[in-house]
Structures are given as C-alpha cells and as structure tokens.
Amino acid sequence: MSDERRAERDSRETRTGSDDQERPVSDIEAAIRENDPALITYITAGDPSLEDTKEYVEALDRGGSDLIELGLPFSEPIAEGPTIQAAINRALDAGTTPQGFFELVDDLETEAPLLVMTYYNMILQYGTSEAHSASDSRAVEPRGKPDVRPFVERAAEVGLSGLIIPDLPAEEADPLREACDDHGLDLVFIVAPTTEGERLETIMSQVSGFAYVQARLGTTGARANVSGATHDSLERLSEFDVPKAVGFGVSEGDHAAEIIEAGADGVIVGSALVDIIAEHSSDGDAADRLEAKAAELKRGARRGAGEAVDAEDVPEPEQP
Amino acid sequence: MSKTTPDHDRDRNRERDSEATFGDYGGQYVPEALMPALQELEDAYERYVLNNEDGFMDEFRERMRDFGGRPTPLQRADRLSERYDREIYLKREDLVHGGAHKLNNALGQVLLAKYMGKERIIAETGAGQHGTATAMAAAHLDMPCEIYMGRTDINRQRPNVYRMRMNGAAVNPVTAGSGTLKEAINETMRDWATTVETTHYVIGSVVGPHPFPKMVRDFQAVISQEARKQIQEQAGRLPDTVVACAGGGSNTMGTFHEFVPDESVDLVAVEAGGSSLEIDEEANLAPNSATLSTGTDGVLHGAMTKLLQSEDGQIVESHSVSAGLDYAGVGPELSHLVATDRVTPASVDDDDALNGFHRLSNLEGIIPALESSHALGYIEEHTDDLGDLVVVNVSGRGDKDLETVLEETEKRDLEAAPDVEVFKE
Ligand SMILES: Cc1ncc(COP(=O)(O)O)c(C=O)c1O
C-alpha cells in the first residue's frame, strides 16, 4: 500500500456514528463518500498472470477507480457467470496461490483502497496451509482446524482494506467479522433483489464499508441494460444511511449514469473489464484499454450525478 | 473501523446455528440471493415434513407405496451368507421405482415444491439416478423439470440420459472441469440463483446448505425405518453391522438413521477408493472420492464438511469408476458422525467394487449399481470386521452401468468376472 494512503488513513477524522459513538470512517467508506459517485472496479488476480495483474490494477487506478476489488481465485465460483469463471480458470492454470496474491497486493501502490473478493473456503484454509508448508509435512497428515484469522491478519499486513465473500451470508459471518473488526478491515455484504423485510434490516445493521447492491438475480456478467431490480433495491435501501454501490451486469458509462441517477453512491464493474483482459492481454494493450474503460465508466457516473464532465476532470487516454 | 454486530444479532445467529449444523459441520454458505429461499424451504420442511401439515406426509407415503413400490424387501442373501459364514441381508433399494433409493428423496422434494407453490424443478445428477428419479417425480406430479449433468457422466450413463428425456425433462450438459457431479452442482446453483423465486432445486443427496441435509435424510430414513423393523421380524434381533456406500451419503444416512441410537450396531460408510488414496496436488486430482477417510474440513456447495482439497483450499477433481460416488464432498451429518466415532469410514477401490458387482450378479442374481458394489466389495475384503448379522444396502440396480462394467472389466484381470470376450462384436 502507498505511504501517501497510509498517512491519509492515519490522519482521517473520525465521524460520529448514528449510535453516537465515535468511530473512525473506514478507508472504504471514505473512498466512496469522498468520491461520490464512486467507481469500483474488479479484476481477477493472476489472470493471465500476477505480473499482468499489477499492471492492470495500476491502469484501473489511473483511470479513476475509487476502490479496486481483486479476485483471489477459487475453483468453485458459484456466484460467477461465464466471464469471471473463465478468468478464475486462467488464473488457477497460471498457478495463482494466496501467497502470490498477498505478495502482489503488498507490492501495489494505488490511490484507491483495495478489497479482496474470494470464497469462504479460501479464507478458512489459509491458516492450515501456512502451518502446513511451514512444517513441510505430507498431504495425508492431519492438519489444523480451519481458521479465518491468519488470512485476515495477512490481509491487514499487506494493506487490504476489506473483504467481499459472496458465499458468506450474514448468518455465518460472526467469526470473520470479529477478525475483521480486530484488524480494522471492512467485511462487505451483498444485498440481493430477494433481500427484504427483517433480513434487510439485519444485514443493513451489520454493513461495514458499503452495501453491495446486487443489481439483478443470478450470477455476475456484463449485460446490455440496467435491470429494473436495481431501482427497486435502491428504493428499499433509501432509508438506510450507508454508502450503496450497485454491481452485477454494469458494463457501460450509460449504465453507470442510470444507476447513479437512481440514487446509488457508486457502481461496481467486473465482467466488462475481465472481457477486455480476455481479449487483449496477448496484444499488450489491455492496460490502456482498462484505463480508458474506467475513465468512461467514471464519466458516466458523474453524468448520472448531474456533474458537468469535461476532459480535464477525468483523464481520457487515447483509444489504442 | 467497522461497526460491531449488535448483541441481539449474534445471539440470534448462535441460536440458529444449533439447528443448522451437526457439531462443527453444516450451515448455509450460499450467495445472499438464495438465503430467503432457504428460509422459505426451512419453514415448509417444518410444517409439511415434520408436522404433516395438510397431510403432506400421508400423501408422500401413499405415493411412495403406489408409485414408488415401497416397502422394499430385506432379503436374506443365501449364497453370500454361506460364503462369508454369517448372516447377510440385503436391503433391496434397487427395487424402488426408477431403480435406486433416489426416488425417496426426489418424490418427497418435488411434492414439497408443489405444496410450496413452486412452478419449476431443477436438479443436478452424477450417475443419472437422481436425475432420473427427479424427472419421474416431476412427470408424475406434472411439474416442468431441467437436469444438469456433467459431460463425462452423460457419456458413461447414457441409459439414464434417455430415461430423463423420455420422462419429459431437459438435460443440460455441463462441460466445466472434469464434467462430473461437482460441476453439475455448481451449474444448478447458478440456475437457482437466477430463478429462485419460482424454482425449487431438488438437491440429490444429504449435501448442500441447511435444511437440505436434514430434509433429504428424513426422506431417505424410510430405508432404515423399514430395515430395522424387518431385521427384527426376520432375524429376531438388531444387526451387528450395517454397511452402505457413500457418495454424498444419502443412502448411507437413510440406511443408518434409525440405527444411530442403537450403540451395539456398527455403521460402516464405504467410499470410492478409486485407483489410489493419495491426492496428486500437481495434477489437482484425487484418483478417489474417499472424502470421509482422507478429506479435510472446509466449505463446499453451501456446507462446512469434509472435502478433497489442496493445501490452498482449491477443490480437487475426484475419481471413481462409479459416477454416483465421484464427488469431492460428502454430507455434513456423515462428517459429524465420523468425527464423533459413530460411523466408521472405509474405502474400496475400483477393482474390488467391480468384483463386488460381478459377485452379486453371479451368486445372487442381482445386478447392483456400481455405487452399491462398493458396499459389496467391502464385505468381501473386510469379512473379519463384520459381526454375525449384517445388513448391506443395495442402493440401486446396475442396468445403467453395464457398458462401463464391460469396458472396465476388459481392462483388468478380475477374479469374480465372467468371460466378457463374448460381448465383443
Ligand atoms: C445407486 C446409487 N447409490 C448410491 C449413490 C450415491 O449417492 P448417495 O451417497 O447420496 O446415496 C448414487 C448416486 O447417484 C446411486 O445412483
């Protein structure tokens, strides 16, 4: 993580929460509130290699991302559509490991805070695999009980600001949330189109960082339009004073504009960026294209917020 | 920096945990979009299955009798008894309509979906037996039905693919990974996450998020309810040993459930030892599916359970000559019963399972499923570990496996096999 950002975090003012208790604003909440409308971008770490990912993340940062989600690949990504599934397979084929992932994050110098997006089993096993490789024992020997703490400790150490775990609903999240609380990391929850009534209240009372508003039912994947479910979800969430970012299906500046106009504080874009990587990583111009795409999305978001967008405000690199 | 959870939410989560888990195992590790559906299912399970609301269980039992062919016999296997010099009884789930225990669960869940007002049924299948049972139940109860099945499994279980189509179900091939049950479950979950408001996912074993493991077990418990009564009537006492094969573990849990409190009864879960029990991390492959015997704790397909996984937590591809056992996970309740020493895990390799297949076919005139053949392989290889009175669950019939058996038998020198040359040309 960059020294600049570290200093910023340390100097950031605390704000008074609704429960009248002083608590510091997290990196993530600050990144969204201070940049509203915010752009949150996702790519899979290790697709097609960790070196490429470093270059791509820096490009997304330059392009105007206010938060960047990095996928730590898991072999059974049940919440992902075909685009991100394929990226995860490329990353696994390239030999991406949690150790390599953390080294990459440690190495990155971005303006935007970084989150890790992964599945719960990856978090659980990190501790056991650490202990395992340390003792250099064989696979048939029993290993320790799964434990979430070693992962969270390492995540904090390399400067990650939070976690998103799509297969960890609030009901199962106590151990991870406690570990995150202890290390000052946000654990972001997803609010689905099916989340209503008492469940919605419970989740919103546990939100940290921002509420990840799932734009439509189903899996991740770029779509041609903004779902009506987005508007309904934002409507249902309007009474809660937490930052709301909408993802699942967003792929163009115009979508970003529509979503911000509907009341979101941020937009989350993944598959559309992963598509660029899949198509252009071999030509060597993926990074430039990612930067340009991020800028387009950011401009769209600003348009949605009614801001006049001019070329100076957001860099518009030349289309390669 | 983050808000801490209000105490009342923690308490509620803890209370709920006692029901959603079996010791350290179970839970609900699914995308948020599915959580309300799991709650709805849990409510329906409590009302209709546990409390027989609207006479649900009466209707289920009646349909299991008239459509499903229950009760199934508990048959004394005379020649096996002679061979092993002890009493061997076979619970004949191969005689359930469709040819496997799978109908007990499929009919229960499709009927439940109907009571819940769902409009569409989806399911995954490995051996095709669960897909077939679900397609049959859906046709019987007039519900549209789609089945996800891995490419590899489609190729090795063709007869069941035809049967699903005959019963009006669509079969969706899944090409990801090694094209077996694990990938089919991933794909069915993705479908469900899109269609959850109108669709019920008939999960095929005692796996997945709460309440599936409990509910499926309850639908399958009919096996041990019948067997426990039958063995007392026929042999005059409880058995010493009960043996069943374990893929996800639905026939295992069904066969064990009523015997769990009977501490004198040994319960043996037989997994697929494949060709070796070692995991090849380099190739990301376990040439077995012996999860209870060799797996480690983790989260897959909605539950904390034992898994075949790499040190980093990637799920490895499993292998078994029998498609229905070829799965890197296992039911959380079985993991718990093994962890607490109530169930003994065992494994039988591909060769011994094939021998078990031929032996039962030869000696008793019953062609067992390759899955069940693992349980039959166990009693041959571990005769000394058995008590004097043994119940073996024949979870299904082997018609679906004939092609695989011929091909695999030809490759090996199997002592129990007939001459398969005759089938060539
Ligand atoms: C005949 C038969 N037995 C056993 C199994 C394994 O499943 P389970 O362990 O859930 O009974 C299958 C699965 O398809 C099967 O078809």
Side-chain angles (χ1 to χ4, degrees), chain A residues 17 23-27 74-79 81 85 92 97-98 119-126 128-129 132-133 139-140 142-143 145-146 166-172 174 177 180-181 184-187 189-196 199 202-203 205-209 214 217-219, chain B residues 1-6 9-10 12-14 16-17 20 24 27-39 176-177 182-183 185-187 189-191 193-197 209 277-281 284 294 296-302 304 307 309-317 328:
Chain A
R23 66 185 179 88
V25 175
S26 72
D27 285 350
F74 174 55
S75 58
E76 319 301 317
I78 54 170
Q85 260 187 80
L92 288 175
T97 62
Y119 287 77
Y120 195 45
N121 198 47
M122 295 303 293
I123 310 239
L124 287 172
Q125 301 309 322
Y126 185 71
T128 64
S129 71
H132 208 67
S133 40
V140 282
R143 53 182 181 183
K145 279 264 163 210
D167 65 343
L168 188 69
E171 281 80 351
E172 302 289 358
D174 287 353
R177 190 174 29 226
C180 285
D181 284 352
L185 297 184
D186 279 329
L187 179 58
F189 288 108
I190 296 176
V191 176
T194 49
T195 313
E196 292 177 347
R199 270 197 69 73
T202 307
I203 293 174
S205 75
Q206 300 180 22
V207 160
S208 80
Q214 184 181 332
L217 279 179
T219 52
Chain B
M1 299 201 165
S2 318
K3 274 194 205 175
T4 45
T5 315
D9 286 327
R10 292 235 160 107
R12 226 179 44 190
N13 286 356
R14 218 165 273 141
R16 176 194 147 275
D17 272 352
D24 293 339
Q28 296 179 306
Y29 299 89
V30 296
E32 166 58 27
L34 297 178
M35 289 299 287
L38 292 179
Q39 184 60 57
K182 168 166 79 67
E183 289 77 22
I185 294 180
N186 290 341
E187 220 41 56
M189 287 214 169
R190 292 190 178 104
D191 180 320
T194 314
T195 58
V196 59
E197 289 162 310
L277 288 184
E278 298 287 317
I279 286 188
D280 180 349
E281 287 231 6
N284 206 39
T294 69
T296 51
D297 295 355
V299 166
L300 175 66
H301 296 146
M304 171 80 73
L307 307 175
Q309 59 183 332
S310 73
E311 288 180 18
D312 287 339
Q314 307 297 352
I315 309 305
V316 301
E317 299 295 345

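A note on names: the letters A, B, ... follow the listed sequences, proteins ahead of strands, and every chain is numbered from 1.
If you measure heavy-atom distances from A/Pro146 to chain B, the contacts under 4.5 Å come from the side chain alone. Using a 4.5 Å cut-off between heavy atoms, A/Leu124 contacts chain B through its side chain alone, with no backbone atom that close. Heavy-atom distances place the side chain of A/Gln85, and not its backbone, under 4.5 Å from chain B. Neither the backbone nor the side chain of B/Asp191 comes within less than 4.5 Å of any heavy atom in chain A. Both the backbone and the side chain of A/Glu76 come within less than 4.5 Å of a heavy atom in chain B. With a 4.5 Å cut-off on non-hydrogen atoms, B/Ile185 does not touch chain A at all. Interface residue A/Leu92: only side-chain heavy atoms are found under 4.5 Å from chain B.
Between the side chains of B/Asn284 and B/Gln314, no donor N or O sits under 3.5 Å from an acceptor N or O.
Here the closest heavy-atom approach between residue A/Thr202 and residue A/Ser205 is recorded as O-OG, 2.7 Å. Scanning all heavy atoms of the two residues, the minimum distance from A/Glu172 to B/Tyr29 falls at OE1-OH, 3.4 Å.
Here OH of A/Tyr120 is found 10.5 Å from CD of A/Gln125. Values are rounded to the nearest 0.5 Å.
A/Thr195 pairs by the side-chain contact (heavy atoms from CB on, under 4.5 Å) definition with A/Val191, A/Ala192, A/Arg199, A/Leu200, A/Ile203, B/Glu32, not counting sequence neighbours. Listed by chain and residue number, nothing satisfies the side chain to side chain donor-acceptor pair (under 3.5 Å) test with A/Thr194 (two or more places apart in sequence, or in another chain).
In terms of heavy-atom pairs under 4.5 angstrom with chain A, the leader among B/Glu197, B/Met189, B/His301 is B/Glu197.
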